[in-house]
Amino acid sequence: MLLKFTKMHGLGNDFVVVDAVSRKVYFNKAQIERLGDRNRGIGFDQLLIVEPPSNPDMDFRYRIYNCDGSEVEHCGNGARCFAKFVLDRELTHKRVIDVETKRGQIQLKVQDDGQVCVDMGEPSFVPEDLPFVAPGLADLYPIDVAGETYELTPVSVGNPHAVIRVDDLNDDIVEGVGPIVEGHERFPNNVNVGFLQVLSADEVNLRVYERGVGETQACGTGACAAVVAGIKQGWLAEEVLVHLPGGDLRIAWQGPGHSIQMTGPAEKVFEGQIYL
Ligand SMILES: N[C@@H](CCC[C@H](N)C(=O)O)C(=O)O
């Protein structure tokens, strides 16, 4: 089968986006891994499949797969690219779009400047919601990594994140600690690992070692998780500018009972076709 696709990115977190509204498309895990291979396929961090909704109150459903073929609940940068994709392809003319994901329902607003604001839903700090194995509730949880102890904040924003505050955001910590925490036995479904450097109450640097991918240039859910963790710990204010290797995101959260708001860009790179 000849598959038409669009290559997109949100701050360098890159996607292959497929229209499964106009034509039914199914992928198995091996096909996703092959397409995601940067040497032998197209290459992407995540595959996004745009489908008709199952709930008539929603506009679309979209599925998200990491390049290792695992299906995931939520993707912040992907949500913004999804909104640009359905507008560009005239699958909708709405600028406020309600979408079903594995995480639940989310709402996307396309602004006049082209940036997309995503209502990312409410976060949870309850370990079972990730899941994260912990003896009880705490503010910060110690975890052993290769003989050293790190303190993390577990956050679910629909998908699981471990946020570790660091003074020095260097390759050794991201590439050394990231993969060990990602697959740590205390995270039975694995976890996305965010390394947060606080610059001031409203500005941070962040690098994310993503579950099922490795370090990406940006992670939208990772930025949300890092900011809400920082707010919960008393390090950050309600609106924060997050500098990621691929660019900046604005994250706002007013505290428990409120949704996280994420605002950032979405870019189309090219369209293509490939035999599945
Ligand atoms: N890049 C994404 C997150 C994609 C999913 C993640 N790797 C997971 O396994 O949960 C984002 O922008 O949020």
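Numbering of ligands and ligand atoms starts at 1, following listing order.
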Sorted by chain and residue number, the ring-ring contact (aromatic ring centres under 6.0 Å, His included) partners of Y150 (sequence neighbours excluded) come out as none
Short version for Q46: what comes under 4.0 Å of ligand 1, heavy atoms counted, is side chain
Intermediate values then yes/no, side-chain hydrogen bond (donor to acceptor under 3.5 Å, both in side chains), S124 and D129: CA-CA 7 Å; S124 167; D129 290 345; 2.6 Å; yes
contact_flag C219 ligand 1 heavy-atom lt 4.0 Å: yes
For N13, the ligand 1 atoms with a heavy-atom partner under 4.0 Å come out as 1 (N), 2 (C), 11 (C), 12 (O)
Practice task
Might you work through the ring pair (Phe, Tyr, Trp, His ring centres under 6.0 Å) test for F195 and Y209, ending with a clear yes or no?
Solution key: CA-CA 8 Å; F195 297 93; Y209 192 92; 8.1 Å; no
- Message: I'd like to know whether CG of N28 has more than 12 heavy-atom contacts from other residues, nucleotides or ligands below 6.0 angstrom.
- Response: yes
Contact region, D45 to ligand 1, non-hydrogen atoms below 4.0 Å, reads neither
Note: ligand 1 atoms sitting under 4.0 Å from heavy atoms of G220 are 11 (C), 12 (O), 13 (O)
Quick note on ligand 1: atoms under 4.0 Å from a heavy atom of N159 include exactly 5 (C), 6 (C), 8 (C), 10 (O)
If we number the atoms of ligand 1 from 1 as shown, the ones under 4.0 Å from a heavy atom of T221 are 3 (C), 11 (C), 12 (O), 13 (O)
For V72, the atoms of ligand 1 under 4.0 Å from one of its heavy atoms are 5 (C), 8 (C), 9 (O), 10 (O)
Query raised in the report: Considering residues, nucleotides and ligands other than K7, do more than 12 of their heavy atoms fall under 6.0 Å from its NZ?
Result: yes
among protein heavy atoms, the one nearest atom 2 (C) of ligand 1 is C75 SG, 3.2 Å
protein heavy-atom neighbour closest to atom 6 (C) of ligand 1 works out as N192 OD1, 3.2 Å
The answer for which part of T216 has a heavy atom under 4.0 Å from ligand 1 is neither
min-distance protein heavy atom vs atom 7 (N) of ligand 1 -> E210 OE1, 2.8 Å
* Asked: Are H74 and ligand 1 in contact, using a heavy-atom cut-off of under 4.0 Å?
  -> yes
Neighbour count >12 (heavy atoms, 6.0 Å) for atom CZ, R40:
no
Indicate whether any N or O donor in one side chain lies under 3.5 Å from an N or O acceptor in the other, for D113 and Q115. no
*Aromatic plane relationship, F187 with F132 - under 30° parallel, 30 to 60° tilted, over 60° perpendicular*: parallel
Side-chain donor-acceptor pair present, Q197, N205, cut-off under 3.5 Å = yes
With heavy atoms and a 4.0 Å threshold, my read on which part of N77 contacts ligand 1 is both
Would F60 and F82 count as a close aromatic pair, with their ring centres under 6.0 Å? yes
If we number the atoms of ligand 1 from 1 as shown, the ones under 4.0 Å from a heavy atom of N66 are 5 (C), 6 (C), 7 (N), 8 (C), 9 (O)
